[in-house]
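One structure is given below, encoded as structure tokens.
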Amino acid sequence: MRDSGEFDVSGALLDWYDRHAREMPWRVAPADRAAGVMPDPYRIWLSEVMLQQTTVAAVRDYFVRFTNRWPTVKALAAAPDDQVMGEWAGLGYYARARNLLKCARVVAEQHGGTFPDTYDALLNLPGIGPYTAAAISAIAFDRPETVLDGNVERVMARLYDIHDPLPGSKPQLKEHAAALTPFTRPGDYAQAVMDLGATICTPKSPACGICPVQAPCAARAAGTQSDLPRKTPKKPKPTRYGHVYIAQGDNGAFLMERRPDKGLLGGMLGWPGSEWSDGPSDAPPFPCEWRELPGEVRHTFTHFHLILRIWTATLPVGWSHDDLIVMEKHAFRPSDLPTVMRKAYDLWRST
DNA sequence: GAGACGTGGGC
DNA sequence: TGCCCAAGTCT
């Protein structure tokens, strides 16, 4: 707590958090926390998993729907897989949802429905890595663990004017973050640093003029804050092409597939289709009279761009196929689809 | 250690 | 428009 000279960085951040903490459905406000209210570990866990690589704005409604539908970890553990995957649809990184269910079932069956409260025990659970284990331990149980997420990395790189690029500089940034972690109110402090990174110490155009720790900030003094943290350059995304087939029977039923658990969009509902290849592919549809729709679906994943052509047909009565699902009209909800599949549906519906 | 893994918002 | 980025984890 000393390596910023005389300035009490963690104290300043806690003071700022007391005045500016943002309201969130999973958060216990600092005043309530001071009155002894503890957060529900289930809600903290769920929010932290949803927040992995995802913004608060995107998570908020999903969190409310999940907790209304499954108020406890035992309730979630008892939920059917497809209902959980459907509720997660649109949030992305679907391995999180599969691991969420695995984790809920481990907690329900092996821990009696009570989350462990230590970093090491949490780290052993599916979908919980170093960040999330520290966050749950700090926020839900007020243990002095150090959270190191993208926000904290940025704040530390700037406070100490670290020019070494990520991810190599991570250990160095972690040391600084650990040195600042207080033994009083570590849970509020963890949220304070992340709030600061999300609202003031932002990646572009940081609001240094209203920052509670501008005085001890080395990057602010050097004028380098907008260049930090440095990162190793990323590779360009290739473009891939594919076809999807949307067939509907006279009764309104759709022919769909449940994607395998491993890999892209694993475990999610989708339209049957070709492989997604490097060149414009010409994969033949399964036997049927297919009509190609005008237009195309463009979608960008983490590591490639995708251009999809959409084909449609009327499903013959009595059609069935191994590996494919006949989704009755009343059971079909577009909101159960991952976004790229929903885009294909939207194009189909608009024609 | 580096690549796979989604999506939407901001500039 | 296209690129960057977000409270990372798993393999």
Side-chain angles (χ1 to χ4, degrees), chain A residues 21-22 24 26-27 43-63 85 88-100 102-103 122-140 145-155 166-168 170-171 174 177 187 189-199 201-206 226-227 229-240 259-268 270 276 297-306 337-343:
Chain A
R22 294 184 292 168
M24 299 177 193
W26 51 85
R27 175 173 283 178
R43 295 167 67 87
I44 297 304
W45 163 73
L46 179 61
S47 68
E48 287 301 339
V49 173
M50 287 183 166
L51 286 164
Q52 291 167 5
Q53 297 290 287
T54 310
T55 58
V56 169
V59 163
R60 191 179 292 270
D61 291 350
Y62 281 87
F63 178 86
M85 299 312 288
W88 195 277
L91 244 200
Y93 284 138
Y94 299 101
R96 292 185 296 172
R98 302 193 301 274
N99 286 327
L100 189 81
K102 281 187 201 166
C103 182
L122 288 162
L123 189 59
N124 281 328
L125 293 169
I128 297 184
Y131 163 76
T132 306
I136 296 172
S137 183
I139 297 170
E145 300 291 348
T146 300
V147 296
L148 190 68
D149 72 332
N151 290 305
V152 180
E153 288 171 356
R154 187 169 56 257
V155 170
L166 282 165
K170 218 168 170 171
K174 169 98 183 199
Y189 172 77
Q191 295 173 92
V193 197
M194 294 191 284
D195 269 20
L196 186 84
T199 62
C201 196
T202 50
K204 292 166 188 170
S205 310
S226 292
D227 303 321
R230 295 178 55 187
K231 297 189 177 178
T232 53
K234 30 191 89 167
K235 291 183 172 179
K237 299 185 205 292
T239 298
R240 297 183 188 166
R259 299 173 64 88
D261 273 348
K262 303 268 181 189
L264 195 68
L265 308 179
M268 298 302 291
W276 297 345
V297 166
R298 287 174 177 266
H299 191 76
T300 299
F301 293 101
T302 310
H303 51 297
F304 65 93
H305 303 287
L306 179 65
L337 296 175
T339 298
V340 64
M341 298 295 174
R342 190 183 45 70
K343 284 183 181 178

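Atoms considered below: every heavy atom in the structure, side chains included; atoms not considered: hydrogens, waters and symmetry mates. Just so we're on the same page: letters track the sequence lines, and every chain starts at 1.
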Within this structure, what is the CZ-to-P distance between R96(A) and dA6(C), rounded to whole angstrom?
15 Å
Considering only heavy atoms, which members of residues 50-60 of chain A lie under 4.0 Å from some atom of DNA chain B?
Q53(A), T54(A)
Check this one for me: any side-chain N or O of K262(A) less than 4.0 Å away from OP1 or OP2 of dA4(B)?
no
Taking every non-hydrogen atom, the tightest pair across V59(A) and M50(A):
CG2-O, 3.3 Å
Provide, to the nearest angstrom, the distance between the NE2 atom belonging to H305(A) and the P atom belonging to dG2(C).
8 Å
Restricting to non-hydrogen atoms, name the atom on L265(A) and the atom on R259(A) that form the minimum distance, rounded to 0.1 Å.
CB-NE, 3.3 Å
Determine the contact category for R27(A): base if any of its heavy atoms lies under 4.0 Å from a base atom, sugar-phosphate if only primed atoms, P, OP1 or OP2 are that close, otherwise nothing.
base
By the 4.0 Å heavy-atom rule, please label P167(A) as base, sugar-phosphate, or nothing.
nothing
Please check: side-chain N/O of R98(A) versus main-chain N/O of D261(A), any donor-acceptor pairing under 3.5 Å?
yes
Name the nucleic acid region contacted by G197(A), choosing base, sugar-phosphate or nothing; use a 4.0 angstrom heavy-atom cut-off, strictly under.
nothing
Report the residue (D195(A) or L125(A)) whose heavy-atom-nearest nucleotide on DNA chain C is the more 5′ of the two.
D195(A)
So what does R154(A) hit on the nucleic acid, given a heavy-atom distance under 4.0 Å: a base, only sugar-phosphate, or nothing?
sugar-phosphate
Can you tell me how far C1' in dG1(B) sits from the matching atom in dA6(C), rounded to whole Å?
23 Å
Can you tell me the distance, in whole Å, between the CG atom of L166(A) and the P atom of dG1(B)?
13 Å
What about Y93(A), does its side chain sit under 3.5 Å from the base of dG6(B) through a donor-acceptor pair?
yes
Quick one: is K235(A) getting a side-chain N or O under 4.0 Å of the dG3(B) phosphate, OP1 or OP2?
yes
Short side-chain N/O contact from K234(A) to OP1 or OP2 of dA4(B), under 4.0 Å:
no
Identify which nucleotide among dT7(B), dG6(B), dC10(C) has an atom closest to any side-chain atom of T302(A), counting heavy atoms from C-beta outward.
dG6(B)
Is R22(A) reaching over with its side chain to a backbone N or O of D195(A), donor-acceptor style, under 3.5 angstrom?
no
Is the distance between the ring centroids of H303(A) and F301(A) under 6.0 Å?
no
Mind checking L265(A) for me? I need base, sugar-phosphate or nothing, with any heavy atom below 4.0 Å counting as a touch.
sugar-phosphate
Just the rounded figure in Å: distance from P of dG9(B) to CG of D61(A).
12 Å
OP1 or OP2 of dT9(C) sitting under 4.0 Å from any side-chain N/O of T132(A)?
yes
Rounded to whole angstrom units, what separation is found between the NZ atom of K231(A) and the P atom of dA2(B)?
16 Å
Side chain of Y94(A) only, please: which of dA6(C), dC4(C), dG6(B) is the nearest?
dG6(B)
Starting at CH2 of W276(A) and ending at P of dA4(B), how long is that distance when rounded to a whole Å?
15 Å
Looking only at atom P, what distance separates dT11(C) and dG6(B), rounded to whole Å?
14 Å
What one should report as the nearest heavy-atom pair of L122(A) and S137(A) is CD1-N, 3.8 Å
Hey, does the side chain of H303(A) come within less than 4.0 Å of dG3(B)'s phosphate (OP1/OP2), counting only N and O?
no
Closest non-hydrogen atoms of K237(A) and T302(A), given as atom of the first, atom of the second and distance, are NZ-O, 2.6 Å
Within the structure shown, what part of the strands sits under 4.0 Å from M24(A) by heavy-atom distance: base, sugar-phosphate, or nothing?
base
Please state whether the phosphate of dG6(B), meaning OP1 or OP2, lies under 4.0 angstrom from any side-chain nitrogen or oxygen of H299(A).
no
In whole Å, what is the span from the CG atom of L337(A) to the C1' atom of dT7(B)?
15 Å
Please check if the side chain of R96(A) supplies one atom and the backbone of L91(A) the other of a donor-acceptor pair under 3.5 Å.
yes
Pick base, sugar-phosphate or nothing for G90(A), based on heavy-atom distances below 4.0 Å to the nucleic acid.
sugar-phosphate
